[in-house]
Protein chains: 2
Amino acid sequence: MRSSAKPPSAKLPARPRRPAARAPAPKPYHHGDLRRVLIDAALQLVGEGGPDAVSVREAARRAGVSPGAPFRHFPSRDALMNAVAEEAQRRFRAEIEAALAEAPANNPLGRFRCLGLAYLRWAMKNPTHFEIISSRRFFDHDKTAGVSQDNAELIDLAERTLAEAFAQGQLRSADLKQVQIAGRALVYGFARMNIDGHFPRWGVAGADAERTAEAILDLFIEGIAKVPSKSA
Amino acid sequence: MRSSAKPPSAKLPARPRRPAARAPAPKPYHHGDLRRVLIDAALQLVGEGGPDAVSVREAARRAGVSPGAPFRHFPSRDALMNAVAEEAQRRFRAEIEAALAEAPANNPLGRFRCLGLAYLRWAMKNPTHFEIISSRRFFDHDKTAGVSQDNAELIDLAERTLAEAFAQGQLRSADLKQVQIAGRALVYGFARMNIDGHFPRWGVAGADAERTAEAILDLFIEGIAKVPSKSA
DNA sequence: CAATCCGTGTAATCGATGCTTACATTCACA
DNA sequence: TGTGAATGTAAGCATCGATTACACGGATTG
């Protein structure tokens, strides 16, 4: 979308907000909630063609608004992408926490596995959205208090879960930091490889992908668990 | 570079090819090896600001050539990026194979570790170049015989090494495919997290980064090795 | 109720980019 | 030596991000 030929976009028929007693209400001068609509449009564009497919003008077009209008709400394209990325990150975190809420409470290592699985599943179901939250370039690194609060929350969650697992003697290594980074690298890497096209065989079906994701996660968990063989 | 103000590029002083008996040879009409120079310029641009920092015009500017000239050698920007990515992939493979050539021959698992380490080191020393080879979008997926021969070679190499390790009883799992994918995901993930800015603490120094890289690699190797504790 | 302020949208414009077409130059081969 | 193919230039198109001047109209005031 960003520099390719494209039909003139067919002009949406002026969204029917506020039926307006009698006049045809062709298009109210003020949009209503343009900011929200722009973010949604951009999210959709990301879903269709990745981050590069997002253009301010196309988002404006889909919102039925002039090309300059978005700049009233976002000082730059990056600012729009920032908002989009934060929204995606929010959804990501919400889904993972929801999945974890259903996991058994008294098996930390099992909970850790559950966390990783939810991570992988979301990333594979929403590849382009994962792409924008994983590439930190869309987050504002100047803001105080850590840009994406949601991301820090997730990391904390993983760390606490690992600490519990260690406290219950479920881990072989005491270097929790390394284990945490390795675990993150594993799921991150698998998710990104999937997005970046390193597994061309898995078309859209993704059943193989999900099975493999689970398998390598288990391989990792077994690798860090205490007494890996012998009994089981 | 792709849409920001920039000084007019200072105009290189007409590269002195072929001193030309006596005339000042201000600029030969034909460049000599524009294709090569364009790829180098683009590689440099990638090194300076990542893939998005590459513009055909800027590459042309640095080659001291008109904006349309590159299109004689590359039908599109993507084609240029393709060439750039293949060049980077070639260097990547060369360095890894060189490192592996110095590894002890009769310890497959050790060789596997060495491979992973070389991978991580190159990725961390050439982050932006790793970025373009990891994102497969710059490779031509239509070409027969697999686009990046070099990449397939590397994967084969890893698989053979793992098979040897298994044959010598060094591995705990017999599912070599899973082990290979997990290993790839681990190093890939770590490298990309580093590039994508998930480890903001490691400024440019990178000593911490390299140590951590080695640590998580060892953690993984221990996890897949047979008899992980007990003796060592 | 009316006047006005200011948030929000429009129109027009700028420079940069990818890419194409028409033309110019020069190399290489017959 | 002459000519055609290869390779460069010049000019131009459409799109993009971004800025500026202006227009609209809802909300707050007196």
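Just so it is clear, the values below take in all heavy atoms, side chains as well, and ignore hydrogens, waters and symmetry mates. In the text below, chain A, chain B and the rest are named by the order of the sequence lines, each starting its count at 1. Note that the structure is predicted; figures quoted are calculated from it, not measured.
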Checking C/dG9, D/dG8, C/dT17 against the side chain of A/Leu34 (C-beta onward), the nearest is C/dG9

N or O in side chain of B/Ser55 less than 4.0 angstrom from C/dT17 OP1/OP2:
yes

Looking only at C/dG9, C/dT20, D/dG8, the nucleotide nearest the B/Phe71 side chain is C/dT20

Picking from C/dG9, C/dC19, D/dG17, the nucleotide nearest the side-chain atoms of A/Arg57 would be D/dG17

Residue-phosphate contact under 4.0 Å: A/His73 side-chain N/O, C/dG9 OP1/OP2:
yes

Do the side-chain N or O atoms of B/Arg61 get closer than 4.0 angstrom to the phosphate oxygens (OP1, OP2) of C/dT17? yes

Whole-Å distance, A/Arg77 CZ to D/dT19 C1', equals 18 Å

Only residue of A/Phe199, A/Phe220, A/Phe130, A/Tyr119 satisfying ring-ring contact (aromatic ring centres under 6.0 Å, His included) with A/Phe190 is A/Phe199

Sequence neighbours excluded, the answer for side chain to side chain contact (heavy atoms under 4.5 Å, CB included) partners of A/Glu214 is A/Arg113, A/Leu117, A/Arg121, A/Asp218

Against the side chain of B/Ser66, the closest entry in D/dT9, D/dG17, C/dT10 is D/dT9

Discussion item. Under a 3.5 Å cutoff, is there a donor and acceptor pairing between the side chains of A/Ser135 and A/Arg137?
Written reply: yes

Does any donor-acceptor pair link the side chain of A/Arg72 with the base of C/dG7 at a separation under 3.5 Å?
no

